[in-house]
Every structure is written in structure tokens, then in C-alpha cells.
**Student:** 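Supplied in C-alpha cells, the structure appears directly below.
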Amino acid sequence: MDSSSANTPAGAGANAAASGGVPRVFSVIRALGAVQAEGGRVTQIARSVGLTQATTHRLLQSLIAEGMVEQDERSKLYRLSIDFFALAASAGNPGDLRSICRPVLLRLCASLGDSIFLLARSGFDAVCLDRSEGPFPIRSFTGDIGGRIALGVGQGALAILAFLPEAEREEVIRFNLSRVREYGVYDEVYLRTEIERVRQQGYAGRNTGLLEGMAGVAVPILDREGRAVAALSVGTIADRLNADRMPTVVELLKREAAAIGPRINPFDATLRRPAQSLASSPAGQKIPLPEASGPG
């Protein structure tokens with residue numbers, strides 16, 4: 001027996017072995033996450049994490065026993081289980097999107113002196129989750145908190161649409177084209193041109209818009225996968241969003257949106273059911289869900 005073993009307290013060796021196994025377990029979990037769609041074989045997982053097949057198989061069996069991994073009986077492929085995702089969802093992020101963004105809206109409103117809106121995607125629409133009112137009276141497409149508008153109409157809804165994955169974007173365009181045409185200035189060529197412009201610029205911004213005398217600019221809020229789930233939008237009178245001021249406003253919006261993105265919980269119920277999340281305020285006070293005052 002060497003001196004280090006002699007001086008090791010009883011049980012410390014087992015603890016060291018256990019703690020050493022934790023990184024291995026999580027390396028296997030991460031490797032499975034990378035092949036979740038198609039599933040992974042023992043050989044494939046072992047190679048990606050740098051462990052022997054025997055060790056990898058033992059770790060996988062332990063994870064199966066805990067309900068975190070499942071193996072297809074026919075293909076023998078391993079995947080993370082539904083229970084794993086349920087556990088992740090229950091942990092989640094302690095703050096939902098609306099709570100995370102509330103200080104941002106207040107900060108932007110104070111800095112810019114204009115009204116700030118938080119819009120979230122809801123199917124083929126964008127819903128106003130929150131707003132911070134500036135000193136200038138404005139009209140908006142979504143109206144008050146809870147209002148909704150077709151994706152593609154208004155700067156916030158356009159910013160979200162432009163940064164959806166291509167297949168989703170195409171589906172929304174097909175469904176919403178007849179809806180956006182109702183506003184008299186949109187056709188498919190115009191809408192697609194605007195979408196491409198937004199994708200190139202990284203924001204949607206006009207110093208004149210469909211609402212006479214009103215102007216707006218919006219940037220998408222991207223989740224960790226790079227998908228647009230929401231938008232930060234400024235609404236103001238046209239005179240306040242001229243060519244000289246636009247870059248400053250855009251930079252502030254982009255900076256805040258970039259900080260929000262990594263904090264988004266992919267299991268946030270607010271993103272799945274934006275309108276339902278407005279059923280009550282943090283204090284439990286009911287929030288009215290008005291009809292949209294117009295597109296946007």
C-alpha cells in the first residue's frame with residue numbers, strides 16, 4: 001500500500017471515483033443531445049466522448065435505469081428520454097421572457113424617450129407581451145398589451161418573420177399573404193423584398209409607415225438556436241426617427257436583444273402561449289386582452 005492510499009480517509013476514494021464519473025455522464029448526455037434527431041450507437045457515442053465502448057455502455061445503462069435515456073428496441077439507437085426533457089423544463093429559467101425584458105423596456109424607454117414594445121410570436125401572429133409608454137402619443141398596430149397582428153405587418157412582426165427558419169418563414173408567408181394584402185400596400189414581391197432587407201440590415205425600420213405620422217424600428221430577439229421568438233420595437237412619431245437618429249436607436253435595440261437571447265428558456269410557457277401568459281400580471285391583477293387596433 002502506498003503512502004497516499006494509507007493517508008486517504010475511508011470513503012474518500014469512492015467519493016473521488018463518483019465525482020470523476022460525473023463529467024463522463026454529462027459528456028455522454030451532451031453527445032446524445034448532439035444526435036438526438038437520429039439517435040446514436042454505443043460506438044458512435046464512445047468515439048465522440050473519448051471513452052471505451054464498455055465504459056460508455058455502462059454509463060448509458062445507468063442513465064436508462066434513471067429514466068434519462070431510452071434505447072430503441074429495434075434499431076438499438078440511444079436517445080435522451082422524454083423524462084429528461086421534462087426535468088429540464090421543470091428546472092427552466094426562473095424568469096420568463098416578459099420578466100426578463102421588463103427592465104429592458106424601462107431602460108430603453110428612459111434612454112430614448114419613446115414607447116418600447118415587446119412582441120412575441122404566436123403561430124402566424126405577433127402578440128404584444130409588454131410595452132413601456134413614452135411621452136409622445138402614438139398609435140400602434142397591436143394596440144395595448146395583448147393585441148396581436150399578422151407576422152409581416154409592422155416593424156416588430158416583420159423582424160420576427162424575417163428571422164424565422166426558412167421553412168417556417170415560407171409557411172407563414174403563404175398563410176399570411178392574403179391577410180397582409182388587406183392593408184393595401186403589400187403584395188408578395190413587396191413583402192419578400194422587405195424581408196430580405198431586414199435580414200441584410202438586422203433590423204426592420206422605417207421613418208414612415210402604414211400609420212400616418214408614425215414611425216418604428218425593431219430588432220429580433222433570437223434564441224440560442226438563432227431563431228426569432230420575439231422582437232424589441234420602438235414606436236414614435238416620424239420626426240423623431242430620422243436618418244441621423246436611426247443608427248443610435250438600432251444600436252441600443254440590438255445590444256439589449258443580444259443580451260436577452262442567451263437568457264431565454266426554451267421551455268418558457270410564455271413563448272408557447274403568449275396570450276395565455278397575460279391572463280394575470282405578476283401581482284395577480286387581470287390584464288385586458290384587447291382586439292388589435294390595426295396591423296403591427
**Student:** Is the shortest side-chain heavy-atom distance between V25 and E66 below 4.5 Å?
**Tutor:** no
**Student:** Testing the basics here: between C109 and I116, what is the closest heavy-atom pair and its distance to 0.1 Å?
**Tutor:** N-CG1, 3.5 Å
**Student:** Taking the side chain as everything from C-beta on, heavy atoms only, tell me whether I264 gets closer than 4.5 Å to R224.
**Tutor:** no
**Student:** Any chance you could measure E133, atom CD, to D114, atom CG, to the nearest 0.5 Å?
**Tutor:** 10.5 Å
**Student:** Kindly check if the number of other-residue, nucleotide or ligand heavy atoms within 6.0 Å of CZ (R199) is above 12?
**Tutor:** yes
**Student:** Enter the distance from I45:CD1 to L51:CG here, rounded to the nearest 0.5 Å.
**Tutor:** 10.5 Å
**Student:** Looking at every heavy atom in both V127 and G146, which two are closest together, and how far apart are they?
**Tutor:** CG1-O, 4.1 Å
**Student:** Check V153 against A157 and note the closest heavy-atom contact, atom names and distance.
**Tutor:** O-CB, 3.3 Å
**Student:** Test your reading of the model: is there a side-chain donor-acceptor pair from Q36 to the backbone of L80, 3.5 Å cut-off?
**Tutor:** yes
**Student:** Please determine whether side chain to side chain contact (heavy atoms under 4.5 Å, CB included) holds for the pair L108 and V234, giving the CA-CA distance in whole Å, both sets of side-chain angles, and the decisive distance to 0.1 Å.
**Tutor:** CA-CA 9 Å; L108 286 171; V234 171; over 6 Å; no
**Student:** Can you measure from CD1 (I260) to CD1 (I100) and round to the nearest 0.5 angstrom?
**Tutor:** 8.0 Å
**Student:** Please evaluate residues R227 and L222 with respect to the criterion side chain to side chain contact (heavy atoms under 4.5 Å, CB included), reporting the C-alpha separation (whole Å), side-chain torsions for both, the decisive distance (0.1 Å), and the verdict.
**Tutor:** CA-CA 5 Å; R227 291 185 296 249; L222 308 179; over 6 Å; no
**Student:** Could you give the distance from CZ (F26) to CG (L59), rounded to the nearest 0.5 Å?
**Tutor:** 12.0 Å
**Student:** Once rounded to the nearest 0.5 Å, what's the spacing between atom SG of C101 and atom CG of L106?
**Tutor:** 11.0 Å
**Student:** Taking the side chain as every heavy atom from C-beta outward, state whether D125 and R179 have any atom pair closer than 4.5 Å.
**Tutor:** yes
**Student:** If you apply the rule side chain to side chain contact (heavy atoms under 4.5 Å, CB included), what do you find for V198 with L161, and how did you get there?
**Tutor:** CA-CA 10 Å; V198 173; L161 176 59; over 6 Å; no
**Student:** May I ask whether V189 and F175 are part of the same hydrophobic cluster, defined by side-chain heavy atoms of I, L, V, M, F, W, Y residues being less than 4.5 angstrom apart, directly or through others?
**Tutor:** no
**Student:** Output every pair passing side-chain hydrogen bond (donor to acceptor under 3.5 Å, both in side chains) with a member in residues 72-81, not counting sequence neighbours, ordered by first then second residue.
**Tutor:** Q61-Y78, Q71-Y78, D72-S75
**Student:** Determine the minimum heavy-atom distance between V219 and A257, stating which atoms define it.
**Tutor:** CG2-CB, 3.8 Å
**Student:** Mind checking the CD-OG1 spacing from Q44 to T56? Nearest 0.5 Å is all I need.
**Tutor:** 11.5 Å
**Student:** Any donor and acceptor pair, going by atom type alone, linking the side chain of T236 with main-chain N or O of A215 inside 3.5 Å?
**Tutor:** no
**Student:** Identify the two heavy atoms, one from P135 and one from G113, that lie closest to each other, and give their separation to 0.1 Å.
**Tutor:** CD-O, 3.1 Å
**Student:** Would a 4.5 Å heavy-atom cut-off, applied to side chains only, mark L77 and R41 as touching?
**Tutor:** yes
**Student:** Are I29 and I82 connected into the same hydrophobic cluster when the rule is that any two of I, L, V, M, F, W, Y join if their side-chain heavy atoms are below 4.5 Å apart?
**Tutor:** no
**Student:** Tell me, please, which residues at least two apart from D130 pass side chain to side chain contact (heavy atoms under 4.5 Å, CB included).
**Tutor:** R98, R102, L105, L118, I145
**Student:** For V217 and Q155, which heavy atoms make the closest approach, and how far apart are they?
**Tutor:** N-CG, 4.0 Å
**Student:** Do S27 side-chain atoms and R24 backbone N/O form a donor-acceptor pair below 3.5 Å?
**Tutor:** yes
**Student:** Can you tell me if CD on E196 sees more than 12 non-hydrogen neighbours from other groups inside 6.0 Å?
**Tutor:** yes
**Student:** Any pair with a residue in residues 156-171 that passes side-chain hydrogen bond (donor to acceptor under 3.5 Å, both in side chains), sequence neighbours left out, goes on the list, sorted by first then second residue, please.
**Tutor:** R121-E168, E170-R192, E171-R174
